[in-house]
Each structure stands twice: as structure tokens, then as C-alpha cells.
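Here the structure comes first, spelled out in C-alpha cells, and everything after it is commentary.
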Amino acid sequence: MPARYVARRVVQALFVLWAAFTVSFVILYMLPGDPVSVLAGSDSGRDITPEQLDALRHEYGLDRPVIIQYLTRLADVVHGEFGRSVQSHQPVQTMIADALPATAQIAGLGLLLAVLFGTGLALAATYVSWGWLRQALLSLPPLGVAIPSFWFGLLLLQVFSFRLGLFPAVGNEGLAGVVLPAVTLALPSAATIAQLLAKSMSTTLREPYIETARAKGAGRPRIHFRHAVRNAALPALTVAGLVVGNLLAGSVVTETVFSRTGLGRLTALAVGTQDIPVVQGLVVFAALVFVLINLAVDLVYPLLDPRIARRSAAVS
Amino acid sequence: MTDLTSVFHPGAEPGAADEPHTTAVAGAPVRGGAREVLTFLARRPGLVAAVGWVALVLPAAFAPGLLTSADPLAASPADKLAAPSALHPLGTDELGRDLYARVVHGAGLSLKATVIAVLVGLLAGSVLGLLAGFLRGWADDVIMRVVDVLLAIPGLLLSLALVTALGFGTVNVAVAVGVASVASCARVMRSEVLRVRHSLYVEAAHAGGARWTRVLVRHVLPNSSGPVLVLAALEFGTSILSVSALSFLGYGAQPPTPEWGSLIASGRDYLAVAWWMTTMPGLTIAATVLAANRISRMLDGEWRHRG
């Protein structure tokens, strides 16, 4: 892989990360007329004296010019410091690190389920020869996209926890507690993967090289599962960053439904108490995950599809 | 960054750029008698159901009195948590309020918030996409970089950050959801403008001495609007989901005002005893999103490619 290709991707990734920080700064610190009153939670009816407001303003550096605030915060973030929570006074990066494992569990299992069900459905739908069954299978992904995931989670709770008593209804304990949240998280991602792969499979099956394989006497299963799948799966890789980003965002709703602690619950609480430093830390963290996954995909892609590296070498 | 929009928004496909599209553009060669329309619909029962559902939900949003005479806020403790029956078709909630009336009245807030979200996303996105595609050069670079960055933050998290800054309430939630969709709308609009820009009639207008503002308003804009309308229908579906997710989390409409997402949230505490309190509003949301997505698919050239 040419070093220039790698260097360009890394610089791009760093740029997106910096810009995501800037966007979150503009939204959270410049958009509200007076961030300090948001920080103090003035709408929650707490009585706060002007002196206390000034002290708070000074503590968070909000009495300095905007550009100075921006640069100090940027310097802190570069050093891994996201500031302290207004509510708990804990460092934001510690709060994120503490909440991460619980979310990684359900997101990891969710990703596995999404990939298994998504690819399984897409391959089955493009393989079967009965028209009605194919139609039935292909109508599942649009359904999966349309169901609100918070309601789907509640439905699972109702059936599997309350009716059948198979899984615990709340909490972080044990393997059984991970299953239902993971299934809830997986639903929209599985539907996305299935839609994408089914489309890519039907395009690939019309390629001339498939015709060649058929002419050489390869059977249908061989053509489908060896020749076509390899090339059809490549475009699906490009949405990996989006899928994982959606798993993170989905955890906000899922962890609320299943009363689990984790990044999602942390986000929901921080937004509810308008804890600006925590919200900013979580937004930048989500962008970091998105950027890292896309960087990994960009670096792995040329190994799987050599045409990409050659093309980009020719361009630059 | 990988091109995400083209994956999810059929209108933005590179392949679609070659053929002249007639989607929802005036003057298209779409002529067909009533007979042809009927056969088209008869072969697509799903589409008929989608249009029927929208025809039912839209009046509910603007004139709920047409569909129910019951008061969504009238509590009657004697019939609390009653299962669906002839008297209360969708059952009652923990205060004995009629759930059907609450779902019908909830459509108003949910759908108006969705309309605001779609308008914000579509207007801001179209202006950005139009400028990027028409001006090219550094303006295009700057706008598209910003769009790439917005796409790097998951939509729901972007909305949540905006809600934190703007404060709670249905209108703020709607604006936040709309802003989160600006990026994808801008991408679709830009790719459309680029396609139209290089068409013969735009070059002819230029050669004929028309000023660029006139070319933009008279030629580029009307011919770029088709895929944007397809996108609008699609965004309508996703915005309903986002708006109701945010109100489910408690940032939107405050009780006792009925709204689809917060109806589900209030049913959450009675999951074991009253399944209808979450299931009925949940089905309503799912059906509305499905209908919007189906209609978006129809607008995306299904009539043109009928056979």
C-alpha cells in the first residue's frame, strides 16, 4: 500500500475529528445565548444568585473571549481532557471510560447479530427461486427500518421477560441481560445491512464474470456463495462506520428501555440535566469511533480490492 | 469519507444521473387514463394501503375531531387500564383516559413536529447543496467538508446536542431533528445540481446570454427538485422515528399532552399489566413510517417504470 494513500487517510481522519469538536463547540457553547444559565439549569427552577452565576462562569472559563475559550478547550481535548461534569464534578473522560464496557457488550453482540441476520437474509432472499418467498424476505428489511426501536425493545420485554420469564427485565447482570438489548440494537442495523447486500448481490449476479463461471459449469450454490458474495460484500464494508455509529446512538434509547447503565444512559442523563461538558465529550467520542472505523475500512479495503489502491495512486 | 448518501437515498445514485427523470416534475410525459391508474394500483396493494393510511392520519393531525369525539384529557378512574373493547377501541390508560382519543390527538403534535423537521432539513440542505453545486470551487469544498463532518456524528447524537443547547419542548426537538438531516439533503441536492448543470438546455441558456441567477431559478432548480421530493418523503419517515424517540426519552412534549413517543414512554410503567398502552401507539408509528417509505419508493420512478 503506498505510503501517500495511508498518510492522506490519516490526515483526513484527524481533520474530521477536529471539525467534529468545532461543531460541538459551536452548538453547545455558542448557540445558547448564555451557556452558564444552561449549565446552572435555570429552567429547573433552582434559585441561583448572580454571584454564584459569576463564580460558575469563571470556573468554566465562560468569562473569557470565545476564541480563547475555544483554543483552551481544543488544547485540553488534544491532551485527552474533556473537562468536568457539572452534575457529578467527575472528569468527563473517566465517566466515558467507566460507562464504555457495558455499552461495548451490547453493541458488540448487537453488531454480530446484525451482520449474521443481515447477510443471512440478503443471501437467502437472492438465492431462493420461488418468487413469493423472495418477495416476503425482501419485505422484511423495510419493516425493520420502520419499527421504532424503543417500542421494539418494550415489545421484547413484554413477551420474553414478563410473559415467558426467559430474560431479566432490568439491569446489567450476566449474559442473559445482554441478549434482549443486543437484539433491540441489532434490528435497524440488520435491516440496513440486508437492504444494502441484497441490492449489491443482484447487481453482482449480472456481471459478465458470473456468466463466465456459469459457462464453465459452476453450479448455482458455488456461483452464489463463492463467486458473487466476495465481490458483493465489499460495498457493505463502507457502511461499517455508519452501522457502529448507529449502534452507539441506539444505545441511548436501548439502555433507557432496559434500565442499563452505559454510554447511552450517560448521554440521556447528561442531556436531561443539560450537562454541557459531558454531552460534548460524548459527541466527540462518537465521532472518534466513526473516524477510527472508517480509517480501518479505508486501510483494509485496498487489500481486499487492489483496484482502489491503484486508482488512488494514479490520481495522486 | 465514503459516500453514504448514495447508499441510502435512491435518488442520489450515480446511475440515476444519466437518465432524465420525470419524478414529480411538471410537464413530464406521464399520460395515462383512469384505467391505467387503476391497473397500476391494483398490482400494488401495499401502495394503496400506504396512501389510505396517510389519508387517515393527516386529518387526525389537523382536525382530530373528525375521527373521535372523546376528550383525550378526560380521566375516568373507574375504567382505568381497561383492555381494548367496543367502548374504548384501543383500551384506556392508568387514569382511564381513552387511548384511541389520545393516539388521534397525539398525531397533531407528532406530525407537525415532523413537518417542521423535514422543512428545516430540506430548506437548509437544498440551499447548501444548490450553492455547492452551482458555485463550485472553494465554496463547494467548504460546504461539502462541513457536510462530511456532520455525517460523522450519528444523527441522534447531533439532535441530542442541539436539544441540550436549545432546551426541551416539541419545537426544539423538531428543529434539532431537522438540522441533523441537513447534511444528507445537501448531498442529494448537490449531486442533482451537478447533473443538471451539464445538461444541454442549461448550456443553451448560458449561451443565450441568460444571467446565472435566471439559469438557477428557471432551469436548475425545477429540474433538480424530483429526487429531493423523493428524499422528503423518506425523511418524513425517519423524522417521525427521531422525533418520537426524543419525546420517548422525555425531551419533547410534556405530560399530559398526548404525543406518540411520550404515549409509549408513559405505557412503559404498565408493561406487565396493560400491553395496549405501548403496542397501540407503537403500531401507529410503525405504520406511518412504512407508509411514508412506500410512497417515497413510488415517487422514485415506479410510475415511470410501470410495466
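Basis for what follows: all heavy atoms, side chains included, without hydrogens, waters or symmetry-related copies. Here is how names work: the chains are called A, B, and so on, in the same order as the sequence lines, proteins then strands, and each is numbered from 1. Keep in mind the model is a prediction, meaning the values are calculated, not measured.
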Minimum heavy-atom distance between [X] and [Y], given as atom pair plus value:
{"X": "A/Ala146", "Y": "B/Leu241", "answer": "O-CD2, 3.7 Å"}
{"X": "A/Phe150", "Y": "B/Ile285", "answer": "CZ-CD1, 4.4 Å"}
{"X": "A/Leu28", "Y": "B/Ala161", "answer": "CD2-O, 3.5 Å"}
{"X": "A/Gln274", "Y": "B/Gly167", "answer": "NE2-CA, 3.7 Å"}
{"X": "B/Leu283", "Y": "A/Trp151", "answer": "CD2-CH2, 3.6 Å"}
{"X": "B/Ile264", "Y": "A/Leu154", "answer": "CG2-CD1, 3.5 Å"}

Contacting region of [X] [heavy-atom separation from chain B under 4.5 Å]:
{"X": "A/Val23", "value": "side chain"}
{"X": "A/Leu155", "value": "side chain"}
{"X": "A/Leu295", "value": "neither"}
{"X": "A/Phe152", "value": "neither"}
{"X": "A/Ser24", "value": "neither"}

Hey, does [Y] have a side-chain heavy atom less than 4.5 Å from the side chain of [X]?
{"X": "A/Val283", "Y": "B/Leu158", "answer": "no"}
{"X": "B/Leu160", "Y": "A/Val279", "answer": "no"}
{"X": "A/Thr256", "Y": "B/Arg268", "answer": "yes"}

Please look at [X] and chain A and tell me whether the side chain, the backbone, both or neither of the residue comes under 4.5 angstrom of a heavy atom of that chain.
{"X": "B/Leu290", "value": "both"}
{"X": "B/Leu157", "value": "both"}
{"X": "B/Leu162", "value": "both"}

Inset, instruction - Heavy atoms only, distances under 4.5 angstrom: which of B/Ala292, B/Gly155, B/Ser244 has the most pairs with chain A? Name it, please. - result: B/Ser244
Legend entry - Top contributor to chain A interface from B/Leu156, B/Thr164, B/Val289 [non-hydrogen pairs under 4.5 Å]: B/Thr164
Legend entry - When A/Val252, A/Asn246, A/Val289, A/Val284 are compared by non-hydrogen pairs under 4.5 Å with chain B, the top option: A/Val252
Legend entry - Closest-packed option against chain B by number of heavy-atom pairs under 4.5 Å, given A/Ala249, A/Ala19, A/Pro148: A/Pro148
Legend entry - Reported CZ-to-CG distance for the pair A/Phe15 and B/Asp148, which is rounded to 0.5 angstrom: 8.0 Å
Legend entry - From B/Leu151 atom CG to A/Asn294 atom CG, the distance as rounded to the nearest 0.5 Å: 10.5 Å
Inset, instruction - Kindly say whether A/Gln158 contributes a backbone atom to a donor-acceptor pair with the side chain of B/Trp275 at under 3.5 angstrom? - result: no
Inset, instruction - Give a yes or no on whether the backbone of A/Ala268 and the side-chain of B/Tyr251 come within a donor-acceptor separation of less than 3.5 Å. - result: yes
